K.L.:
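Sharing a structure here in structure tokens format.
Everything numeric here is computed off the predicted structure, so don't read it as measured data.
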Amino acid sequence: MMTDALDYEVMVKMLLGAARQIKENHARLSELDSFGGDGDHGTTMLRAMENLENSVSAAQTGQIKKLLSDVAWAVMGTDGGATGPLFGSFFMGMSSGVAEAEVLDVGAVAEMFEAGLNCLRKQTKAQIGDKTVMDALAPAVKEARRAADEGLDIAAVLKQAADAAGEGARSTRDLEPRLGRAKNAAQQSLGHEDPGAVSVSLIFRGFVKGALDNG
Amino acid sequence: MMTDALDYEVMVKMLLGAARQIKENHARLSELDSFGGDGDHGTTMLRAMENLENSVSAAQTGQIKKLLSDVAWAVMGTDGGATGPLFGSFFMGMSSGVAEAEVLDVGAVAEMFEAGLNCLRKQTKAQIGDKTVMDALAPAVKEARRAADEGLDIAAVLKQAADAAGEGARSTRDLEPRLGRAKNAAQQSLGHEDPGAVSVSLIFRGFVKGALDNG
Amino acid sequence: MTMKKFINDPDDLVSELLSGFALAHADKIKLAGNNQVVRAKPKSRDKVALVTLGGSGHEPALSGYVGEGLLDISVPGEIFAAPGPPRLVEALRMADRPAGVLLIVLNHDGDVMSANMAMEMAEKEGLNVKQILTRDDISTGPRDKPEERRGLIGCLAVIKAAGAAAEQGASLDECCQIANRMERNMATLAVAVTSATHPSTGEAISEIPEKDMVIGMGQHGESGSAQTELATADKTAEIMLDMLIEDLSIQQGEDILLLINGVGSTTLMEQYIVLNSCKKILDSKKINMVRCTAGEFLTVQEMGGFQMFMARMDSELIKLWDAPCKCPCMAT
Amino acid sequence: MTMKKFINDPDDLVSELLSGFALAHADKIKLAGNNQVVRAKPKSRDKVALVTLGGSGHEPALSGYVGEGLLDISVPGEIFAAPGPPRLVEALRMADRPAGVLLIVLNHDGDVMSANMAMEMAEKEGLNVKQILTRDDISTGPRDKPEERRGLIGCLAVIKAAGAAAEQGASLDECCQIANRMERNMATLAVAVTSATHPSTGEAISEIPEKDMVIGMGQHGESGSAQTELATADKTAEIMLDMLIEDLSIQQGEDILLLINGVGSTTLMEQYIVLNSCKKILDSKKINMVRCTAGEFLTVQEMGGFQMFMARMDSELIKLWDAPCKCPCMAT
Ligand SMILES: Nc1ncnc2c1ncn2[C@@H]1O[C@H](COP(=O)(O)OP(=O)(O)O)[C@@H](O)[C@H]1O
Ligand SMILES: Nc1ncnc2c1ncn2[C@@H]1O[C@H](COP(=O)(O)OP(=O)(O)O)[C@@H](O)[C@H]1O
Ligand SMILES: [Mg+2]
Ligand SMILES: [Mg+2]
Ligand SMILES: [Mg+2]
Ligand SMILES: [Mg+2]
């Protein structure tokens, strides 16, 4: 696979990789959401990823920017409470963060993720430590930037980001939620990871697997 | 107490005696109604007897006929499904069965009960064996007539009637209900007496106790 | 199981609920006499009046049907127990008028006995009252033994039809005819999945095994005719529709009214889903569901389940169903 | 515990319930676009339009408020989950008109995020839309931190007031002002005694000990602020009224609207009894309950409990509350 250029086809594989990760783990996501939340996160993410897959196969332009905004719109169109807008805005931001270019270099990849994070920040005032998606996403994006600036190649950047996301998700285990439905039953979720953060981590893991997939 | 004449005062005591019997046994009546019925027979009879007591104390005419029709109206005024009309019509019939006379002889007592039964028959097509009030009331009235015709005194007539009512109530134990709410759960009431029949038996037992009460 | 109901002294259930009912719907109804529920604005006395009676604990039934185009007076009894004849006679006296009074009685022993005795007295007093019995429960007796059929939600359709006719100035005889036509052409079947708690005793009024549903369950926990395994909305609708269609001998191309009446804890969501199932099935059978609705019109405390009501409609009955009405539990 | 709900494939819950809903209330509402619930007869386009969005599973809310004097469009989401921005944008486009559109949003994260994104797009497209958040749950935050308060049944009062004003020809600014005045002067508190089952997962959405009630329970099983022993209707009403009165700083002699909203299996009977309790207590405190009602307007599946809503009323708000309205779940 690519080392210093991410093209349309790779982006498609990354997106489908993310979808696959979520689909394989949706039951766990719902279970995590049942500790204090309403137990629907897995189902919603499943629907979001089906919408994502459909929009990916419908997209024909070959343009990464357009692909990502189609995906964003499709994910947002998932009627699922906070999930649609949160994850949708991340993809929407990714879209606005890339140029009309047909391939992205490693710096553009980091920038794309940063733009995604910024767009999501408009939706929520969540900070690290609030036990939300932010706990996985912020470190992942930061790590992608660090790795890119260090001169690593795209595959390595994606992998570092995914590791940071996983780390971040695991860190939510000992936190009490301060936002979202679960905050009203803060105690119940102690000892369990935040489902949204785990979703972020699965998505980044899927990006890596998709990107490295040579099939 | 009287042997061959039943006057206003005795009738009052009989009515209050009936009320006392029901009040002491209402929990059992409700329990019996819970096997297939809706479990409210005791509560309803309790309210009916409170109404009866109130109408007895309010009655001032000294006329048995009027006393019984007041009681009938009060019992009917108990909002309790089948119970008010059934027992109310029994008392209503008793009222219409007595002359304006101030005292009843033993024949008039038997006639009074027969009239009560006839009035109740207008409310229901229940026959003996249907597991209803009829299983206790019909034998009681029949026995009162037999005893009166045999020349027994009023106390003995009441006692024979009460025994027959009790016998009749007990006979319902092995029956399946064919009328009333309980008929739709016929099996459930097998092995249990019919609550309405037990009420009839209690009322006749109360008549005896009231009549014999010298206090 | 502890009863989890917001009540005070069980003896005061009916008086308190009626006070609250009158507060909640002061624009439409009020209390008069001995806890009689009457319209806030009485209808003109040259029109036939409609009166009904029935036990409490089924809210919004039956007092919730008092209002324009529907009932004039409802006589509520104790929990699950008909009022006695005296209060019914009081209501008939209040309703009495030259145009006459139609008394609508759900076929339950207590209600019928009360009504019969009250009718006797009304006649003695020279009141102009006619009585109609509603007997729509197909689970308790065959069509040719209507006396064995209990009165379920079908009373609402009869009240709606006769009430609309009365409002339009129909005579007592005409109102009776319409009520009778509706009554003869309707059928109801109930299904229950969870029991209700009797609010006075705190006891469950029936027992339904965890994986079962009971078809034909009565309005007071009386056992039903068939206990079967839980089924989907589609399957349940199919079973029940088939029984209703057979009972009414509905043929392809006929027009029907269908009503899903939630009895307690079965959600509106489910009622709509069942209604949607019915529509699909009726379409496939080429039966025209010309009117339909869903909602809680007659409940059995917090019982889970619903009553499915079907009626063969002609153009006049449809018009009467569509006629304006306004009561605490519905308005068109 | 087996889930005892009449449903088919859990994935089809919303589409099936909406079809049934449209069948049941064909005289008042219909479906348009992507499962948008709109009025059967649209209101004149020179009047301000009202739009809302919200998760399903709360029937009759929120789509049951579409109708004359109330909403123009409701955008229903999945079970307990807000619709995403695209369908909301679609609704705003459908509603768009020179008079403007008022978007009413219950304060829940998902709803707010969807609404904010949709508002952004609406602005880009030059649509004339204003947004108002309803935040009436006093159990989740103090009055001076409205952003922490969830949106409960209070949305209905805001929709009623703004909807009546819109129907009378008020401008978008006037509608906003009225909606804001209602919103600032209202407060809701919920109590739950039994859990609901999530219809998609079949799982209980909360656990409530057998002898307890939970004050402050949210609309989706979110835990409440206080778990206490079951109490009578009188006592429960007293506890809740005191909290609402304190939150709103209601003084002797003030006029209030009180609404008891049953959330599922708590019967109308109980709601009326609680309303009656409230009246007694308010009378003793010399607070004027000038308007009140009870019923199921916003449910949480078959949860046992209710929401108690209170609002300080002025003469204009009373007039708007009394103004005619007609929607699937109510009519005046
Ligand atoms: N206000 C918020 N800010 C950031 N993340 C949030 C917020 N609310 C919820 N989330 C995230 O969404 C996840 C729950 O998603 P989901 O269950 O699909 O939505 P809902 O809470 O509407 O049921 C949480 O685990 C959390 O990560
Ligand atoms: N149709 C009937 N004919 C005769 N007796 C009846 C009839 N229906 C009910 N009963 C009697 O009434 C009793 C039940 O009374 P109760 O529980 O007070 O009334 P309900 O059945 O309305 O709850 C039965 O045990 C039976 O004896
Ligand atoms: Mg969730
Ligand atoms: Mg009984
Ligand atoms: Mg009874
Ligand atoms: Mg959710």
Side-chain angles (χ1 to χ4, degrees), chain A residues 26-27 30-31 33-48 50-51 55 70 72-90 92-93 119-126 130 132-133 177-189 196, chain D residues 10-11 14 34-35 53-57 75-90 108-118 120-121 137 139-141 147-148 150 196-207 214 216-225 300:
Chain A
H26 72 93
S30 282
E31 197 201 347
D33 191 33
S34 70
F35 306 113
D38 59 356
D40 65 353
H41 185 64
T43 323
T44 309
M45 286 302 291
L46 197 61
R47 279 206 311 270
E50 280 163 8
N51 290 350
S55 72
D70 285 356
W73 198 244
V75 168
M76 263 185 238
T78 314
D79 293 351
T83 299
L86 279 174
F87 287 83
S89 63
F90 175 60
M92 189 61 87
C119 186
L120 186 140
R121 279 201 207 276
K122 282 200 238 158
Q123 298 308 317
T124 172
K125 43 186 181 10
D130 287 346
T132 71
V133 289
R178 280 202 289 262
L179 282 172
R181 294 195 201 297
K183 78 154 180 258
N184 301 300
Q187 305 289 351
Q188 285 180 41
S189 84
Chain D
D11 281 348
V14 175
N34 282 303
N35 275 344
L53 74 155
S56 295
V75 192
E78 281 299 315
I79 300 297
F80 296 170
R87 282 181 52 234
L88 184 51
V89 170
E90 180 188 44
H108 296 274
D109 284 343
D111 303 64
V112 172
M113 288 181 200
S114 257
N116 287 344
M117 298 192 72
E120 227 176 83
M121 294 182 208
D137 184 354
S139 76
T140 48
E147 69 281 5
E148 293 187 357
R150 296 177 292 213
T197 316
H198 197 296
S200 319
T201 64
E203 304 286 333
I205 65 171
S206 55
E207 267 171 47
V214 180
M217 172 76 85
Q219 271 167 193
H220 316 90
E222 306 93 334
S223 318
S225 44
V300 184

K.L.:
Who passes side-chain contact (heavy atoms from CB on, under 4.5 Å) against A/Asn51, sequence neighbours left out?
P.N.:
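Counting only residues at least two positions away or on another chain, A/Asn51 forms a side-chain contact (heavy atoms from CB on, under 4.5 Å) with A/Ala74, A/Thr78.
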K.L.:
Specify which of D/Ser56, D/Ser114, D/Pro10 makes the most heavy-atom pairs with chain A at under 4.5 Å.
P.N.:
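Top count of heavy-atom pairs under 4.5 Å with chain A: D/Ser114.
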K.L.:
By side-chain contact (heavy atoms from CB on, under 4.5 Å), which residues pair with A/Thr43, not counting sequence neighbours?
P.N.:
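Testing A/Thr43 for side-chain contact (heavy atoms from CB on, under 4.5 Å), a comparison that skips the adjacent residues, returns A/Ser30, A/Arg47.
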K.L.:
So which residue, D/Pro83, D/Gly55, D/Gly77, ends up with the most heavy-atom pairs under 4.5 Å with chain A?
P.N.:
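Greatest number of close heavy-atom pairs with chain A: D/Pro83.
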K.L.:
Of the listed residues (D/Ser200, D/Gly84, D/Pro86, D/Gly110), which shares the most heavy-atom pairs with chain A below a 4.5 Å separation?
P.N.:
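When all of D/Ser200, D/Gly84, D/Pro86, D/Gly110 are compared, D/Pro86 has the most.
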K.L.:
Could you tell me whether the side chain of D/Arg87 and the main chain of D/Asn34 form a donor-acceptor pair under 3.5 Å?
P.N.:
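Flag set: sc D/Arg87 to bb D/Asn34 pair under 3.5 Å.
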K.L.:
Could you tell me which non-hydrogen atom of A/Met92 sits nearest to which non-hydrogen atom of A/Cys119, and how far apart they are?
P.N.:
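Heavy-atom minimum between the residues: CB-SG, 4.3 Å.
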